[in-house]
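These numbers were taken from a predicted model, which means no experiment stands behind them.
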Amino acid sequence: MAERGRGATDERVRAERLAQFEEQRGRLWAVAYRIMGTVSDADDAVQETWLRWQALPDEPPVASPRAFLTTVVSRICYDLLGSARARRELYVGPWLPEPVLDGAAGGSVGDGRAGVPDGPEDRVTLDESVGMALLTVLERLTPAERTAFVLHDVFAVPFPEIAEAVGRTPESVRQLASRGRRRVRAEAPRRTVDRAEHRRTVEAFLAAVMGGDFEALLNVLDPEVVWRSDGGGKVSAARRPVLGRDKVARYVQGLVTRNFTPATMRLAVREVNGSLGMVFADPSGEYPAGVFGFTVHDGLITEVDAVLNPDKLGHLDFSDL
């Protein structure tokens, strides 16, 4: 009887622990993706967090599963980020984050701050923090700065909890977050918060491209627009950013002329990392699939991030285009 009672208790504890983890899964994935910038690493970090959570002894109970799990997944990502940065330094061409389409890849990009009170006015929003352009800026921070900035400025994690994740003192973590915040303010692109304006601008860009209207294309591009292509050495892509309105317009013209076959190419406007972007694929397999993210300011496109590396698109389903 005692063994049967113990077994029932163990089963109950496992069920409670699973329910507690599932309640936090979306937040954990959102934290991991922003720290790592890759879907695969975020998935791995969440899985490793689950294994560590599952392996905990039943007693004493964890006082705050949310805080504990956030600390664990953050520590895992922080440890992974050092080796990931070393690999990215050897990457062929610009390195861009793995794109996330709404409702895809293990968790919504907007999960994670439910129930968290609003913080300082300069704290970034969840939508902004997952944008392709801002994630690219975060690549320039040290692993400790990035982790501290994401946890504090995006998810409102207190400094003592961040200190546990990165193995620093709370005051040191405060300084890390501050340095990260200054760099983000200085280097983050200008960006409209008006979703309707963003949509109009992206649709105008697509209309100009599809219509072969070079002047209309020029009119929708910012004079200092930046085009980044991430082919990873796997597919043809610009190895350096293309800078300026005229060069970007001519580059786009060349892409359409060489690579776009209307009879086979499928194209769709989709939410890419929190804002309207574009997804395209060629069912014939002649041309690689890709995802474009756009940054818009004052009705003009200021940045285009084109992810073409097939290794970064394996988690996406292009069959519904």
**Complete:** Heavy-atom closest pair (V272 atom, G293 atom, distance to 0.1 Å) is CG1-CA, 4.4 Å
**Item:** Within one Ile-Leu-Val-Met-Phe-Trp-Tyr cluster: M210 and V252, side-chain cutoff 4.5 Å
**Value:** yes
**Message:** Can you confirm whether T302 sits close enough to V296 that some side-chain heavy atom of one is under 4.5 Å from a side-chain heavy atom of the other?
**Reply:** no
**Request:** Could you check L217 against F205 for side-chain contact (heavy atoms from CB on, under 4.5 Å), going step by step and ending with a plain yes or no?
**Result:** CA-CA 6 Å; L217 180 58; F205 171 86; 3.6 Å; yes
**Message:** Determine whether a donor-acceptor pair (N or O, by modelled atom type, separation under 3.5 Å) exists between the side chain of S178 and the backbone of R174.
**Reply:** no
**Message:** Main chain of V39, side chain of E98: is a donor-acceptor contact present, judged purely on distance under 3.5 Å?
**Reply:** yes
**Message:** Could you see if F155 belongs to whatever hydrophobic cluster contains V46? Use Ile, Leu, Val, Met, Phe, Trp, Tyr and a side-chain cutoff under 4.5 Å.
**Reply:** yes
**Prompt:** So which heavy atom on V248 is nearest to which on L221, and how close?
**Reply:** CG1-CD1, 4.0 Å
**Complete:** When every non-hydrogen atom of R27 is compared with those of R66, the smallest separation belongs to NH1-NH2, 2.9 Å
**Message:** Using only atom types and a distance under 3.5 Å, with no angle test, would you say the side chain of E145 pairs donor to acceptor with the backbone of T142?
**Reply:** yes
**Request:** For D79 and R75, run side-chain contact (heavy atoms from CB on, under 4.5 Å): C-alpha distance rounded to whole Å, both residues' side-chain angles, the deciding distance at 0.1 Å, then the answer.
**Result:** CA-CA 6 Å; D79 290 341; R75 180 70 201 190; 3.4 Å; yes
**Request:** Count the heavy atoms belonging to other residues, nucleotides or ligands that lie under 6.0 Å from CD of E197, then report whether that count exceeds 12.
**Result:** yes
**Prompt:** Would you say the side chain of I301 lies within less than 4.5 Å of the side chain of T295, judging by non-hydrogen atoms?
**Reply:** no
**Request:** Group every Ile, Leu, Val, Met, Phe, Trp and Tyr by side-chain heavy-atom contacts under 4.5 Å, then state whether V31 and L51 land in the same group.
**Result:** yes
**Request:** Say whether, by atom type as modelled, one donor and one acceptor occur between the side chain of R168 and the main chain of V173 under 3.5 angstrom.
**Result:** no
**Heavy-atom side-chain contact between R181 and D153 under 4.5 Å** = yes
**R179 backbone acceptor or donor facing R183 side chain under 3.5 Å** = no
**Item:** Proximity of H152 and F159 rings by center, below 6.0 Å
**Value:** yes
**Message:** Please determine whether the number of non-hydrogen atoms from other residues, nucleotides or ligands lying under 6.0 Å from atom CD of Q253 exceeds 12.
**Reply:** yes
**Message:** In the structure I gave you, are the side-chain heavy atoms of M36 and L81 within less than 4.5 Å of one another anywhere?
**Reply:** yes
**Request:** Supply the atom-to-atom distance N219 CG to D213 CG, rounded to the nearest 0.5 angstrom.
**Result:** 8.0 Å
**Message:** Between L80 and V72, is there shared hydrophobic-cluster membership here, with clusters defined by ILVMFWY side-chain heavy atoms closer than 4.5 Å?
**Reply:** yes
**Prompt:** So does E203 pair up with R200, basic N to acidic O under 4.0 Å?
**Reply:** no
**Complete:** Rounded to the nearest 0.5 Å, the OH atom of Y33 sits from the OG atom of S40 at a distance of 10.5 Å
**Request:** Step by step, work out the salt bridge (Lys or Arg N to Asp or Glu O under 4.0 Å) result for D246 and R250.
**Result:** CA-CA 6 Å; D246 289 340; R250 297 189 187 284; 5.8 Å; no
**Prompt:** Is the shortest heavy-atom distance from the side chain of F280 to the side chain of V291 under 4.5 Å?
**Reply:** no
**Request:** Look up atom CZ in F318 and atom CG in D282, then write down how far apart they are to the nearest 0.5 Å.
**Result:** 12.0 Å
**For E187, the option from L141, L138, L134, V137 that meets side-chain contact (heavy atoms from CB on, under 4.5 Å)** = V137
**Asked** Under 4.5 Å between any side-chain heavy atoms of M278 and L267, yes or no?
**Response** yes
**Asked** Charged N to carboxylate O under 4.0 angstrom, R146 versus E139?
**Response** yes
**Message:** Using only atom types and a distance under 3.5 Å, with no angle test, would you say the side chain of T71 pairs donor to acceptor with the backbone of A165?
**Reply:** no
**Prompt:** Can you tell if the side chain of T38 reaches within under 4.5 Å of the side chain of R88, non-hydrogen atoms only?
**Reply:** yes
**Request:** With L151 as reference, evaluate P158, S74, C77 under the side-chain contact (heavy atoms from CB on, under 4.5 Å) test and give the passing residue.
**Result:** S74
**Prompt:** How far does CG of D43 sit from CH2 of W29, to the nearest 0.5 angstrom?
**Reply:** 6.5 Å
**Message:** Checking D230 against Y91: is there a side-chain donor and acceptor pair closer than 3.5 Å?
**Reply:** yes
**E16 with R12: basic N within carboxylate O range, under 4.0 Å** = yes
**Request:** Evaluate side-chain contact (heavy atoms from CB on, under 4.5 Å) for F149 paired with V184, printing each intermediate quantity in order.
**Result:** CA-CA 9 Å; F149 173 82; V184 168; 3.9 Å; yes
**Message:** Is there a salt bridge (Lys or Arg N to Asp or Glu O under 4.0 Å) between R52 and E48? Walk through the geometry before answering.
**Reply:** CA-CA 6 Å; R52 295 188 189 185; E48 177 62 24; 3.0 Å; yes
**Request:** Quick one: closest heavy-atom pair of R245 and D222, and the distance?
**Result:** CB-O, 3.7 Å
**Message:** Taking L56's backbone N and O only, do any of them form a donor-acceptor pair with R17's side chain (distance below 3.5 Å, no angle check)?
**Reply:** yes
**Item:** K234 side chain to L308 backbone, donor-acceptor under 3.5 Å
**Value:** no
**Request:** Using the side-chain contact (heavy atoms from CB on, under 4.5 Å) rule, take V209 and L206 through it: C-alpha gap first, then chi angles, then the decisive distance, then the call.
**Result:** CA-CA 5 Å; V209 171; L206 295 179; 5.6 Å; no
**Minimum-distance pair of heavy atoms, taken over all atoms of P97 and V307** = O-CG2, 3.8 Å
**Prompt:** Can you tell me how far the OG1 atom of T169 sits from the CD1 atom of I162, to the nearest 0.5 Å?
**Reply:** 12.0 Å
**Fill in**
Closest heavy-atom pair, F214 versus A249, reported as atoms and distance to 0.1 Å, is CE1-CB, 3.5 Å
**Asked** Judged by atom type as modelled, is there a donor-acceptor pair below 3.5 Å linking the side chain of N273 to the main-chain atoms of V100?
**Response** yes
**Prompt:** Shared ILVMFWY cluster between L243 and V220, side chains joined below 4.5 angstrom?
**Reply:** no
**Asked** How long is the gap from CD on Q20 to OG on S64, to the nearest 0.5 Å?
**Response** 10.0 Å
**Prompt:** Are L28 and F21 side-chain neighbours, meaning at least one heavy-atom pair lies under 4.5 Å?
**Reply:** yes
**Asked** Partners of A306 by side chain to side chain contact (heavy atoms under 4.5 Å, CB included), sequence neighbours excluded?
**Response** W227, S229, F292
**Any donor-acceptor pair under 3.5 Å from T136 side chain to M132 backbone** = yes
